[in-house]
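To start, the structure under review is shown below, and the notes come after it.
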Amino acid sequence: MKSIYGLFCVLFFLGSCVETDPDADSSNAEADQTPIQKITKSVTVYSHRHYDIDKEIFSAFEKETGIQVLVKEDKASKLIELISQKKDAADVLITVDVARLEQAKNKNILQSIQSDYIQSRVPSNFMDSDNMWFGLTKRYRVLAYSKERVDPLEIKGYTDLAKPKWKGKIAVRSSSNTYNQSLMASVIAHSDEQKAESWAKSVVANFSRSPKGNDRDQVKEVAAGRADIAIINTYYLGKLLNSENQQEVEAGKAVGLIFPDQEHAGAHVNISGIGVCKNAPNKDNAIELIEYLLSDKVQELYSAANYEYPIVKDIPVCDLLKSWGSFHEDSIALERIGQLNTAALEVFARAGWE
Amino acid sequence: MVLLIIVGIILLPLFAILIRAFDSDASTWKLISEFYLSKYIWNSIGLVIGVSGMTILMAVIPAWLIANYKFFGRKFFRLALLLPIAFPTYIMAYTYTGIFDSTGTIQQLANTLLGNDFANAIYFDFMTPFWLVLVLSFCLYPYIYAACLISFSNDSAQHLEASKMLGANSISRFFKIGLPMARPALLAGLFLVIMEVLNEYGAVQYFNFKTFTSGIFTAWENGDLTSAVRIAAVLFATAIFFLFITHILIRKSKIEKASKIPIVHEQLKKHHHVLAFLFCGLLFLFAFLIPFIQLLFWAVSTYSEVVTFDFYVVAWNTFTISILAAIVITLISFILLFAGNQIRNIGGKQLASLGILGYSIPGAIIAVGIIMPFAFIDTSLQSNWLLGSIFGLSIAYLIRFMAVSYNALDGAVQKQGSRLDEAALNMKTKPLIAMFKIHFPILKPALFIAVILVFVDIMKELPMTLILRPMNYDTLATEAYRYAETNESAMQSAPASIILILLGTIPVIFLHKLIKN
C-alpha cells in the first residue's frame with residue numbers, strides 16, 4: 001500500500017505539472033502561428049486523406065519550398081465544422097469526395113482562387129465553376145466481376161445491375177458511404193429521380209446480402225462465390241492485389257474490372273480535391289501547395305503509391321492501372337454530382353438501400 | 001462556487017449543442033425522421049439489451065467463481081479477465097472480422113489443412129447483429145467484472161461465510177446473498193457498459209447496424225449537423241432514461257457494509273472444477289488471447305512498413321497525455337464530489353452529479369459543443385489556447401470522462417458513510433482540511449482505480465482527439481484508425497493497436513493489485 005501511495009504522490013506531482021504543461025504547449029503553438037510566422041512560412045492543411053503517401057508528399061514540399069506543413073486529419077464533415085466556427089483555423093481543406101467539397105462551398109468557408117497554372121492543370125469538369133475547389137486525383141466507381149462465373153460482356157453499365165438475372169448476386173456497401181451517394185447522384189443526373197429510384201429498387205432486390213463492410217469486403221464476397229458482382233472504387237482492388245495477406249491477393253485476382261457505360265455517359269468518376277479556406281492566413285502558401293500537388297511528380301506518386309488516377313491529363317500511371325486499360329469516363333461537371341447529394345440520399349431512403 | 005464552475009464548464013457544451021438542435025437548416029431531418037429514426041431507436045435499445053445481458057453473464061459468473069472457489073488457474077484468471085478492457089471496440093470488431101471473413105485466418109487454415117469444401121462448409125457471415133453484440137461484450141464486460149469481483153470478495157464476505165455455516169448451498173448463496181449485495185456494483189458497472197454501447201461508433205458503422213451514433217455520423221457527413229445534433233438529443237434522452245433507471249435500482253439496493261473478512265475459498269468438485277476452468281479459459285481466449293495473437297501476427301507482417309521513429313514518439317505522447325489528463329480529471333471529480341457533499345442540503349449533490357452527463361453524449365457531439373465556445377473565446381482573445389491545444393483537448397476529456405472517475409469515487413464515499421464527516425465537524429476541522437487529510441488518504445485506492453479507468457478510456461478515445469488535437473499530433477488511437485480507415489483493413493493498424501492495448505494493460509495490472517488488497 002505504501003508503494004502505491006508513493007506512486008500516487010509522484011503521479012500527483014506530474015499531475016500538477018500538467019496544469020502548466022498545456023499552457024506551455026499552446027503558447028508554443030501560438031508562437032508558431034503568430035509572430036514567428038512572419039519569418040518561417042507555413043501552411044495549415046485540414047485533410048480527410050489519411051494516406052502515408054500524403055505525409056511523404058508534404059515533407060517533400062517542406063524541403064523544396066521551406067514552407068512548413070501543419071496537418072490535421074479527420075473526417076471532412078468535422079473539419080468543415082471546425083473551419084466554419086473558427087474561420088482562420090486552416091489554409092486548405094482536402095476531401096476524398098466531391099460532395100464534401102460542395103458542402104464546404106455551401107457553408108461558405110472556401111474562396112475563389114485565380115491561378116493560371118492550376119486552371120491549366122485541372123480539366124474544367126473536375127473543378128468548381130467559381131474556382132473554389134479543384135480535383136487532385138480521380139476515383140472510378142466500377143464493377144468487379146467474378147472471372148469464374150461472369151462473362152464481362154453480359155454487363156455493360158450501371159443500368160444492367162437492375163436486371164433480374166443478377167438476383168442475389170450483387171455486393172455493395174451501405175448508402176451512408178459517400179462514394180455510393182455520388183454514384184447515385186450521377187445516375188440521377190443522367191436520368192431523373194423517379195428513374196433512379198426504380199433502378200435503385202431493382203438493384204436492392206438483387207443484393208446478395210444487406211449492405212455492410214467496406215469496398216474490399218465486397219470483392220471478397222465475389223471471390224468467395226457468394227456474389228458475382230461488386231460495386232467498388234478501383235484503388236481498393238489495387239490494395240487487395242498488393243496485400244500482405246496472400247488470401248486477399250487471391251481474392252483480388254479472382255475478379256476483373258468493368259468500366260461501365262462505355263457506350264453511354266462513361267464510367268462514373270469522383271475526385272479527391274482541395275480548396276483554399278475563405279480566411280486562410282497563408283493564402284499564397286496554400287496556392288503554392290496546390291500547385292505542387294498538381295505537379296507531374298506528385299500526380300505520378302498518387303497513382304504509384306495509392307492506385308488513384310492523376311487528375312492532370314497525360315500523366316503516366318502505374319503498371320497496374322495501365323493493365324486495366326484506357327476507357328471512356330463520364331464528362332459531367334462534378335459540381336453537379338455534389339449538388340445532387342441530398343437527392344441521392346432521398347432516393348436511397350425510398351428504395352430501402354440500407 | 002468551485003462546484004458551479006466545474007459543472008458550468010461541463011454543461012456549457014451541452015447547452016451549445018441543445019441550441020444547435022433548434023437551428024432550422026436541418027436539410028435531411030425529414031428523411032431521417034421518416035425513414036431512419038425509429039430504426040435508430042430500436043436498434044440502439046436492442047443493442048443495449050443484448051450487450052447488457054451478455055456482459056452480465058460474462059462478468060458475474062467468473063467473478064463469483066473466482067471470489068468463492070479454488071480452481072486451477074484461478075489467480076491467473078482473476079487478472080487476465082480484466083485485460084480485454086484495454087481493447088477498443090472498433091479494433092476488436094475489425095480484428096474478429098479479419099479472423100472470420102472469407103480471406104481470414106480461419107478460412108486460410110481450413111483451406112490449407114482440410115481443403116476447400118470444408119472451408120466453404122464452415123464459413124458463416126460474421127457481420128451480423130449477434131456477433132456485434134458478442135464483440136462489444138468482449139470489450140465491455142470487464143467494467144462489470146471488476147465491480148462484481150470487488151463486491152463478492154469484500155462486501156459480502158461476512159454474510160457469505162455466515163450463510164455457509166448455516167448450510168446454504170452455493171446456488172442459493174449466489175442468488176440470495178452474493179448477487180443482491182453486489183447489485184449496486186453491478187449496476188454501476190452496467191451503467192458504464194450501456195453508455196459505451198450507446199456511444200459506440202466504429203463497429204456499428206462497419207457492420208452497418210443503424211444506431212443513434214451511426215445516424216449522427218451519417219447525418220453530419222451528409223452536411224446536416226443540425227439533424228445530427230437532434231439525433232444526439234434523442235440519444236441523450238435515452239441515456240438519461242438509463243441513468244435514471246440504474247440510479248433508482250442502485251438506491252433501492254443500498255446495503256449495510258459488513259466488516260472485511262477474508263473469504264475461505266471452497267474447493268470445487270471435480271466436474272464443477274473443469275466447468276469453472278473452461279468458462280474462464282474460453283472467455284479469456286475469445287475476449288483477449290485470440291484477437292491479441294491475431295493482431296500480433298499482423299503486426300509482425302506489417303511492422304517494417306509502418307513503424308518508424310515517429311511511432312515511438314506517438315506511443316509516448318499517448319501514454320503521458322492520457323495519464324496526466326486522467327489524474328487531473330480524477331482530482332477534479334474528487335473536488336466536485338466533496339463540494340457537492342458539503343452543500344448536500346441545498347441540492348449540491350444533485351448539482352454535482354450533473355457533471356456526469358457528458359458521458360452520455362458521443363465524443364464527436366461533445367466536440368461540436370466545445371468547438372463553438374472555444375472558437376469564440378480564442379477568436380476574441382486572439383489566441384490559440386483552446387482549439388487545437390492539449391489543454392483544450394483535456395477539457396474535452398474532462399467533460400466526456402468525468403462520469404467514470406466520479407462514479408468510482410462516489411461508490412467508495414458512499415460506502416464510507418458520513419460518520420467521518422461528522423467526526424471532523426465535531427472536531428471543528430475545516431472542510432477543505434477534512435477533504436485532504438481524511439478523505440483523500442482513505443479514498444486512495446478508489447482514486448487510483450478512477451485514474452486507471454479514465455486513463456484507459458482516454459487512450460482509446462478517438463472522435464474528440466481527432467478534431468481537437470494540435471496540428472501534426474497523433475496518438476496511438478488516431479494512428480490505428482488512420483491505417484484501418486485508409487486501407488479498409490486492420491492489418492496495418494495492428495502495430496499501433498498492439499502497443500495501445502499493451503499500454504492499456506499496464507494500469508490494469510495495477511488495478512488488479514488494488515482489487516486484491
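Letters go in sequence order (proteins before strands), and every chain restarts at 1.
In this structure, chain A has heavy atoms under 4.5 Å from both the backbone and the side chain of B:Met372. Heavy atoms of A:Lys72 lying under 4.5 Å from chain B belong to its backbone as well as its side chain. Proximity to chain A (any heavy atom under 4.5 Å) is shown, for B:Phe297, by neither the backbone nor the side chain. For B:Asp101, the part sitting under 4.5 Å from any heavy atom of chain A is the side chain, from C-beta outward, and nothing else. Residue contact with chain B, scored on non-hydrogen atoms closer than 4.5 Å, is absent for A:Glu250. In this structure, no portion of A:Ala99 lies under 4.5 Å from any heavy atom of chain B. Only the backbone of B:Leu468 comes within contact range of chain A, with at least one heavy atom under 4.5 Å from a heavy atom of that chain. Proximity to chain A is limited to the side chain of B:Tyr483, based on heavy atoms less than 4.5 angstrom apart. Only the backbone of B:Phe207 comes within less than 4.5 Å of a heavy atom in chain A; its side chain stays farther off. Looking at A:Gln103, only its side chain comes within 4.5 Å of chain B, counting heavy atoms on both sides. Using a 4.5 Å cut-off between heavy atoms, B:Lys30 makes no contact with chain A at all.
When each of A:Arg49, A:Arg350, A:Lys87 is checked for heavy-atom pairs under 4.5 Å with chain B, A:Arg350 comes out on top. Put simply, of A:Lys239, A:Gln246, A:Lys78, the one with the most heavy-atom pairs under 4.5 Å next to chain B is A:Lys78.
If you check the side chains of A:Asn279 and A:Asp88, you find no donor sitting under 3.5 Å from an acceptor.
Residues B:Thr211 and B:Tyr201 fail the side-chain proximity criterion, which asks for heavy atoms closer than 4.5 Å.
Under a 4.0 Å N-O distance rule, the pair A:Lys253/A:Glu248 does not qualify as a salt bridge.
In summary, the aromatic rings of A:Tyr307 and A:Tyr302 are positioned with their centroids too far apart to meet the 6.0 Å limit.
Geometrically, A:Arg226 engages B:Tyr123 in a cation-pi contact defined by less than 6.0 Å to the ring centre and at most 45° from the axis.
Proximity to chain B at a heavy-atom threshold of 4.5 Å picks out A:Arg209, A:Pro211, A:Lys212, A:Gly213, A:Asn214, A:Asp215, A:Arg216, A:Asp217 from residues 208-218 of chain A, in numerical order.
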